[in-house]
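Computed over heavy atoms, backbone and side chain alike; hydrogens, waters and symmetry mates excluded.
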Amino acid sequence: MSNLKMDFRQPRTELADHFSFFYHFEQDDDRFEGVDRADYGQFRFILRGRNARYRFVDGTEQAMPDTYILGPTTGCSSLSCDGAAEAIGVGLMPHGWAALVPMDASAAANRLFDARDLFGTVVTEVYEKLRDTPDFDARVKILEEMLVTLMTRRKPGYQAFVSQVNAWLAGAAAPDVNDLIDLTGLSLRQVQRGCKRYFGSPPKVLARKYRALRTAVAMTHGDPELDALLADGFYDQSHAIREIKHFTGMTPHAFSENPTELNREIAKRIALERENPIRRSGVIT
């Protein structure tokens, strides 16, 4: 039996719109392989592990640097490493990506990048602090300090648009792009460009992604909105199965009845959010 363990912390209130959760991952098996759902971008530090690799939905495979930015993913990915492994990271919601990362999210989608190339020596300094600090809460404080410092380097100008897209995604099981155009007052081309810049995908792909993820979360937690999501969001049962499998790596039945150990651990973050709700403008964490 695997000894995989994950722990989560919520960001402090002023960072809640920018970052989803801080997380600590640890496992001590000789080999780890897992499937990760489509998700926001990530800022991650690999503290232990050999030959760590990502394989993305388009078939591209990359080695993980010990400190990296992972772009938003548009389908499930597989990840693996040899030996005992430990990582700490934080999810970059669209507000956080825009405030932090100096590149278009769509150019970074389904790829990872060495964080030292993007942010310089501050990343190396933080990496060493994290390795020297065993306590998770103390590590979170180190990461929050780094994130606030890096965010001051960039000029805001994205908040209104990102919040409007979040509201559009949350407003219907199957959001209509024309509604987003009406909400923002922008042209179709402007809306598409903005979604790619901050969310990593055009509006129609975003709507599919968050529809599938919301449905998967509702299945995991037995939410009363599940029936409405299935009825309003998908053409039929086979459509729901295809979409959920594409974005989570599992069929709806497997996701709800026989989730992987990694998925069971990740589900803890939703439970934490529900037990300790904080105000966010994001759609799903």
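The side-chain heavy atoms of Thr248 and Cys76, taken from C-beta on, include no pair separated by under 4.5 Å. A heavy-atom distance below 4.5 Å is found between the side chains of Phe247 and Arg208. Residues Leu143 and Phe45 have side chains in contact (heavy-atom distance under 4.5 Å, counting atoms from C-beta outward). Counting heavy atoms from C-beta on, the side chains of Met103 and Trp97 come closer than 4.5 Å. Arg264 is not listed as a side-chain neighbour of Leu4, based on a closest heavy-atom distance of 4.5 Å or more. Side-chain atoms of Val165 and Tyr198, non-hydrogen and from C-beta on, never get closer than 4.5 Å to each other. In this structure, Asp114 and Tyr68 have side chains that are not in contact, with every pair of non-hydrogen atoms separated by 4.5 Å or more. At a threshold of 4.5 Å between non-hydrogen side-chain atoms, the residues Phe25 and Glu265 do not count as touching.
Rounding to the nearest 0.5 Å places CD of Glu261 at 9.5 Å from CD of Gln27. How far CZ of Phe43 is from CG of Leu150: 6.0 Å, rounded to the nearest 0.5 Å.
Using a 4.0 Å cut-off between charged side-chain N and carboxylate O, Asp66 and Arg131 make no salt bridge. Salt bridge status for Arg242 with Asp236: absent, with no side-chain N to carboxylate O gap under 4.0 Å. The existence of a salt bridge linking Asp39 and Arg44 is excluded, since no basic side-chain nitrogen approaches an acidic carboxylate oxygen closer than 4.0 Å.
The salt bridge (Lys or Arg N to Asp or Glu O under 4.0 Å) with Asp82 is formed by just one residue from the set Arg48, Arg31, Arg50; it is Arg31. Partner of Arg37 under the side-chain contact (heavy atoms from CB on, under 4.5 Å) criterion, chosen from Ile244, Leu262, Val217: Val217.
Between the side chains of Thr60 and Asn110, no donor-acceptor pair of N or O atoms lies under 3.5 Å. Between the side chains of Gln42 and Tyr23, a donor-acceptor pair is found at a separation under 3.5 Å.
Judged as a side-chain contact (heavy atoms from CB on, under 4.5 Å), and not counting sequence neighbours, the contacts of Glu61 are Arg53, Arg55. Not counting sequence neighbours, the partners of Asp36 by the side-chain contact (heavy atoms from CB on, under 4.5 Å) test are Tyr54, Leu79, Ile266.
A 6.0 Å sphere centred on CD of Gln190 holds more than 12 heavy atoms belonging to other residues, nucleotides or ligands. For CD of Glu128, the number of neighbouring non-hydrogen atoms (other residues, nucleotides, ligands) closer than 6.0 Å is greater than 12. By the 6.0 Å contact criterion, CZ on Arg189 is open, its count of non-hydrogen atoms from other residues, nucleotides or ligands being 12 or less.
In plain terms, the two heavy atoms of Tyr235 and His239 that are nearest each other are N-ND1, 3.0 Å.
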Take Asp104 and Arg193 through the test salt bridge (charged side-chain N to carboxylate O under 4.0 Å, His left out) and record every step on the way to the result. CA-CA 10 Å; Asp104 191 307; Arg193 186 165 59 243; over 6 Å; no
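Note on residues 134-143: pairs passing side chain to side chain donor-acceptor pair (under 3.5 Å), not counting sequence neighbours, are Arg9-Asp137, Glu86-Arg139.
Here Phe199 and Tyr210 keep their ring centres 6.0 angstrom or further from each other.
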